[in-house]
Amino acid sequence: MKWRKKKDMKEKPLEELSQEEILEKYDRESSYRKNLGKWSWVVLFLGVSLTLFHLYTGYRGAFEARIQGPIHLGTALGLIFLLYPIKKGLHRKQKGVPWYDVVLAFTALGVGYYNVINYEELVAQKIVFGYSQMDIIVASLGVLLVLEAARRCVGLPIVAVAGIAILYALYGNHIPTKMFAHRGFSWEKLATDLYLTTKGIFSTPIQVSSTFIFLFLFFGVMLIRTGVGQFFNDVAFALTGRFIGGQAKAAVVASALEGMVSGSSVANTVGSGAFTIPMMKKAGYKPEFAAAVEASASTGGQIMPPVMGAAAFIMASYTNTPYSQIMLAAIIPAILYFLGVFLGVHFESKKQGIIGTPKSQLPSFRKLMTERGYLILPLIVIFYTLLTGRTPMRAALVAILVAFLVSLVRKETRMTPWQIVKTLEEGARTALPVIAACAAAGIIVGVVVQTGLGGRIANGIITLGGGSLILTLFFTMIACLILGMGLPTTANYIVTATMVAPALVLGLDVPVLAAHMFVFYFGIVADITPPVCLAAYAGAGLAGANPFMTGVRAFSLATAAYIIPYVFVMNPQMILIDVKPLFLTICVVTAIIGMIGVSSAMVGYLVRKAYVWERIVLFIAGLLLISPNITFSVIGSVLLIAVAVIQSRRPKETNNLFTAIM
């Protein structure tokens with residue numbers, strides 16, 4: 001009891017936490033050791049080597065998967081055990097790296113490079129003669145080290161899911177339900193299949209991580225070095241700052257722009273929120289709303305081309321679709337997402353009477369583009385190279401080079417040789433949580449594929465949905481949101497794409513890309529879906545707000561994100577499948593108008609404060625307009641116009657008890 005009181009006394013109130021402490025509290029991957037002592041040189045060497053290896057393979061082409069993957073993972077595991085302590089919070093107390101983590105780091109390096117050193121023997125001879133005792137020991141260590149590394153830098157939930165998958169693979173023959181029972185594997189077979197082949201840990205997720213994802217993550221690091229983040233903030237304020245609610249609108253626009261180069265909801269929230277949230281509070285917004293704006297906008301960054309979340313690259317491989325096509329398919333849904341948040345901000349600002357910032361206090365857009373417009377050149381280059389048919393690896397490599405050249409233009413962003421070395425190290429460190437998540441998810445994928453569990457779960461979802469597309473989509477959404485409470489977006493997508501998406505594709509003839517985009521979206525918005533919504537919690541920490549209420553407000557602002565996936569499944573033209581230009585144009589226009597209805601209903605304001613019945617009508621009108629049915633859209637337009645006319649004839653101030661207040 002005394003220990004508990006002592007521990008509680010050490011816990012700082014949320015509003016007293018620093019930006020770095022908030023990031024570490026809600027973003028597991030940020031809780032790494034800064035004080036490495038003499039081992040900092042080892043981390044520097046491994047980090048720089050890993051980044052240079054990927055730059056080299058990006059230029060000359062990747063090695064065979066059984067070589068590329070183990071080098072990628074083995075080096076990453078070594079870095080993880082040197083950087084991430086055995087328990088969260090120890091990174092602030094420990095000086096240097098304890099001996100047991102050094103042992104684990106070098107063991108991980110040895111286990112990782114075992115596959116590379118014995119490549120030919122593992123590929124050829126083992127098919128005929130089977131695996132040796134040493135192979136089994138190494139494979140067992142590899143599986144366990146991957147799970148421990150994922151626990152340290154990603155979190156316990158993904159390890160729990162992978163552990164359940166392993167138990168299912170080993171003891172599936174004891175399950176009484178015939179639908180999910182299977183014959184069960186021995187540990188020797190399971191471990192070797194998971195670690196010494198490309199059926200598990202070194203399957204598609206790690207293959208994509210070791211080629212495309214790492215280079216795109218490093219591109220984001222390089223672009224931040226150019227000062228593009230501050231440029232985006234300044235551009236956002238120049239464009240929107242003088243309008244109603246300009247402070248909050250600028251936060252939405254800035255997050256949308258920064259989302260083009262960063263794929264972490266929590267990191268985006270803390271990074272840009274440290275600047276935007278205090279400004280929104282000063283303008284008159286409640287702390288919960290200010291934090292919710294930043295969280296909902298930052299979460300949308302993972303669906304914003306050209307550099308979407310890491311899961312988008314895995315989607316390209318799973319669906320056998322060029323990343324350039326996925327990038328284009330995401331444009332309309334991303335615009336609708338941010339438009340929904342933007343409109344929510346507009347109506348809330350009108351409701352509270354919050355005006356913008358005087359133009360004289362804002363940066364000049366023309367001056368910004370004249371002096372720093374060159375900073376968007378790397379993004380233009382990456383768009384162009386992808387759309388002209390280059391591979392994602394080559395596109396990322398060219399964009400990295402352009403970003404480096406751009407950094408040389410201004411003295412304050414020009415890097416010294418030592419800063420270049422540290423940037424190479426930072427590129428590797430940034431990628432570690434994604435690598436660990438992909439490796440752990442590979443265990444789950446391996447079990448699901450080898451045991452046939454994926455097909456059984458897909459059949460179960462179809463049966464539960466009773467053959468109804470809407471019900472099946474709903475149950476799929478719930479599965480994604482529940483998994484998203486504990487799994488990072490990348491791992492969430494890998495699991496749901498393996499086990500849930502096939503139910504939509506095989507059972508209900510949903511286009512493959514639409515099904516995968518559906519689970520991808522709901523894996524992302526889990527970060528702002530109560531009760532566990534880490535991006536909203538991080539924003540609440542910066543704002544000194546109630547975390548749960550911040551999550552509720554973020555959910556309300558991002559309501560569009562929960563509607564859009566249903567729309568593009570029922571109307572795949574929204575993600576550019578079988579496009580008919582005229583019909584697509586009509587659908588986009590009506591969807592944009594529908595966003596007005598939904599956003600005004602959630603806020604409780606259109607032309608005036610809305611009565612409860614008006615909010616219900618506005619929400620229904622918005623749904624009808626967003627739907628791909630022309631008749632429904634016409635009805636929705638009539639309802640929306642009717643509410644607008646009724647409200648415009650009402651006095652500006654009303655004290656009616658039925659007025660909606662949020």
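Computed over heavy atoms, backbone and side chain alike; hydrogens, waters and symmetry mates excluded.
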Would you give me the side-chain donor-acceptor pairs under 3.5 Å for residues 232-245, sequence neighbours excluded?
| unit_1 | atom_1 | unit_2 | atom_2 | d |
| --- | --- | --- | --- | --- |
| Asp234 | OD1 | Gln230 | NE2 | 2.9 |
| Asp234 | OD2 | Arg372 | NH2 | 2.7 |
| Thr240 | OG1 | Ala236 | O | 2.8 |
| Thr240 | OG1 | Ala250 | N | 3.2 |

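- By the side-chain hydrogen bond (donor to acceptor under 3.5 Å, both in side chains) test, Glu614 is found to be paired with Gln647, Arg650, residues two or more places apart in sequence or in another chain being considered.
- Remark: Phe347 engages no residue in a ring pair (Phe, Tyr, Trp, His ring centres under 6.0 Å) (not counting sequence neighbours).
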Under 3.5 Å donor-acceptor pairs involving side-chain atoms of residues 574-597, not counting sequence neighbours:
| unit_1 | atom_1 | unit_2 | atom_2 | d |
| --- | --- | --- | --- | --- |
| Thr585 | OG1 | Pro581 | O | 2.8 |
| Thr590 | OG1 | Ile586 | O | 3.0 |
| Thr590 | OG1 | Cys587 | O | 3.0 |
| Thr590 | OG1 | Leu625 | O | 3.3 |

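- Taking Phe289 as the reference, Tyr285 meet the ring pair (Phe, Tyr, Trp, His ring centres under 6.0 Å) condition, with sequence neighbours excluded.
- Scanning for side chain to side chain contact (heavy atoms under 4.5 Å, CB included) contacts around Ile482 gives Ile478, with sequence neighbours left out.
- Residue pairs meeting the side-chain hydrogen bond (donor to acceptor under 3.5 Å, both in side chains) criterion with at least one member in residues 307-336, sequence neighbours excluded, are Thr319-Thr321.
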With a 3.5 Å cut-off and sequence neighbours excluded, list the donor-acceptor pairs that the side chains of residues 496-511 form with protein atoms.
| unit_1 | atom_1 | unit_2 | atom_2 | d |
| --- | --- | --- | --- | --- |
| Thr496 | OG1 | Asn492 | O | 2.8 |
| Thr496 | OG1 | Tyr493 | O | 3.2 |
| Thr498 | OG1 | Ile494 | O | 2.7 |

All N/O donor-acceptor pairs, side-chain side in residues 467-477, below 3.5 Å, sequence neighbours left out:
| unit_1 | atom_1 | unit_2 | atom_2 | d |
| --- | --- | --- | --- | --- |
| Ser468 | OG | Leu471 | N | 3.4 |
| Thr472 | OG1 | Ser468 | O | 2.7 |
| Thr476 | OG1 | Thr472 | O | 2.7 |

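- Considering only residues two or more places apart in sequence or on other chains, Tyr337 meets the ring pair (Phe, Tyr, Trp, His ring centres under 6.0 Å) condition with none of them.
- Scanning for side chain to side chain contact (heavy atoms under 4.5 Å, CB included) contacts around Ala399 gives Phe219, Ile382, with sequence neighbours left out.
- Here Tyr521 pairs with Phe568 under the ring pair (Phe, Tyr, Trp, His ring centres under 6.0 Å) rule; sequence neighbours left out.
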